[in-house]
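Notes follow once the structure below has been shown.
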Amino acid sequence: MKLLFIFLFTLNIVNASYDIIDKENIFIVKIKNSNFKTLYVNLKDEINFQSFTIVHELNLSKSTSFVAEALNKNKILKNGTNILICKSSFTLEMIEENIENISYCPMIISVYEDDKYSYLSYKKYKVFKDGNKIADKINETLKDLILKSLE
């Protein structure tokens, strides 16, 4: 039974191919052969595993579909959620560096899909003050959460 589970798990990873789009202001993983629900559950599991707290979730697919319908426009997202996360120890580190860094929390990761692909992404954080390092650490942490959720 264990062997079957390992085989199916490995098969799932092999079938889920993705491209990383790493731009100046955004990090996106564009995934083929996967679906929103799987990505969503795996991401939430990784967030919890790394001891972050999910502060809130915004169902952007539902709200944007409602507005699109009201404006006689086409729906864009099949599914889409922004997951707002925080960790007290991480927030302390942020504000120890610079009290203005408090506005970084909660951090946001998006999971969404259209008719062709599924996506995981986050908007990159920038430094507020020369010499601050926490923005880089936030970006690496969010990237790590996303990539580990795909393993």
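Residues take their numbers from the sequence shown, with the count starting at 1.
Looking at S110 and N82, their side chains do bring a donor and an acceptor atom within 3.5 Å of each other. Between the side chains of T38 and N35, at least one donor N or O lies within less than 3.5 Å of an accepting N or O. D144 and Q50 share a donor-acceptor pair across their side chains, judged by distance under 3.5 Å alone.
Grouping the Ile, Leu, Val, Met, Phe, Trp and Tyr side chains by contacts below 4.5 angstrom, directly or via other members, places I47 apart from L60. The cluster map of Ile, Leu, Val, Met, Phe, Trp and Tyr, joined by side-chain heavy atoms under 4.5 Å apart, puts I108 and I83 in different clusters. Note on L150 and Y40: same hydrophobic cluster, where clusters join Ile, Leu, Val, Met, Phe, Trp and Tyr whose side-chain heavy atoms are under 4.5 Å apart, directly or indirectly. Hydrophobic clustering (ILVMFWY, side-chain heavy atoms < 4.5 Å, transitive): V29 and V41 are in one cluster. When the side chains of ILVMFWY residues are joined at heavy-atom separations under 4.5 Å, either directly or via intervening members, F52 and I95 end up in two distinct hydrophobic clusters.
Side-chain atoms of L147 and K143, non-hydrogen and from C-beta on, do get closer than 4.5 Å to each other. You'll find the side chain of L84 stays beyond 4.5 Å of the side chain of I54, heavy atoms only. The shortest distance between side-chain heavy atoms of V55 and C86 falls below 4.5 Å. Within the 4.5 Å cutoff, the side chain of I85 has heavy atoms near those of the L145 side chain. Side-chain contact between V67 and K73 is absent, with no heavy atoms from C-beta onward closer than 4.5 Å.
Within the hydrophobic cluster formed by Ile, Leu, Val, Met, Phe, Trp and Tyr side chains joined at under 4.5 Å, directly or through other members, Y117 is accompanied by I21, I26, I28, L77, Y112, Y119.
Heavy atoms of other residues, nucleotides or ligands lying less than 6.0 angstrom from NZ of K126 number more than 12. Other residues, nucleotides and ligands contribute over 12 non-hydrogen atoms within 6.0 Å of the CG atom of L92. Around atom CD1 of I76, no more than 12 heavy atoms belonging to other residues, nucleotides or ligands sit under 6.0 Å away.
Taking both residues in full, the closest heavy atoms of S17 and N33 are given as OG-ND2, 4.2 Å, listed atom of the first, atom of the second, then distance. Minimum heavy-atom separation, S149 to N42: O-CB, 3.4 Å. Among all heavy-atom pairs drawn from S118 and S34, the shortest one is OG-O, 3.6 Å. When every heavy atom of N139 is checked against every heavy atom of Y122, the shortest pair comes out as O-OH, 2.8 Å.
The side chain to side chain contact (heavy atoms under 4.5 Å, CB included) search around K129 returns N98, N132, not counting sequence neighbours. Partners of E57 according to the salt bridge (Lys or Arg N to Asp or Glu O under 4.0 Å) rule, which considers only residues two or more places apart in sequence or in another chain, are K44.
Here the NZ-CD distance, from K30 to E113, works out to 14.0 Å after rounding to the nearest 0.5 Å. Note: T64 OG1 to L71 CG = 11.5 Å, rounded to the nearest 0.5 Å. Atom CG of N79 and atom CG of L39 lie 10.5 Å apart (nearest 0.5 Å). The distance from atom OH of Y125 to atom OG of S103, rounded to the nearest 0.5 Å, is 9.0 Å. Distance CD/E46 to CG/L43: 8.5 Å, rounded to 0.5 Å.
Note on ring orientation: taking the six-membered ring where Trp is involved, the planes of Y104 and F128 are parallel (angle under 30°, cut-offs 30° and 60°).
Of the residues I138, D136, D22, the one that meets the side-chain contact (heavy atoms from CB on, under 4.5 Å) test with K124 is D22.
Distance alone, capped at 3.5 Å, places no donor-acceptor pair between the K133 side chain and the V127 backbone. Using a distance-only test at 3.5 Å, with no hydrogens or angles considered, no donor-acceptor pair links the side chain of T81 to the main chain of V111.
A salt bridge between K148 and D45 is absent, with no side-chain N of the basic residue lying under 4.0 Å from a carboxylate O of the acidic one.
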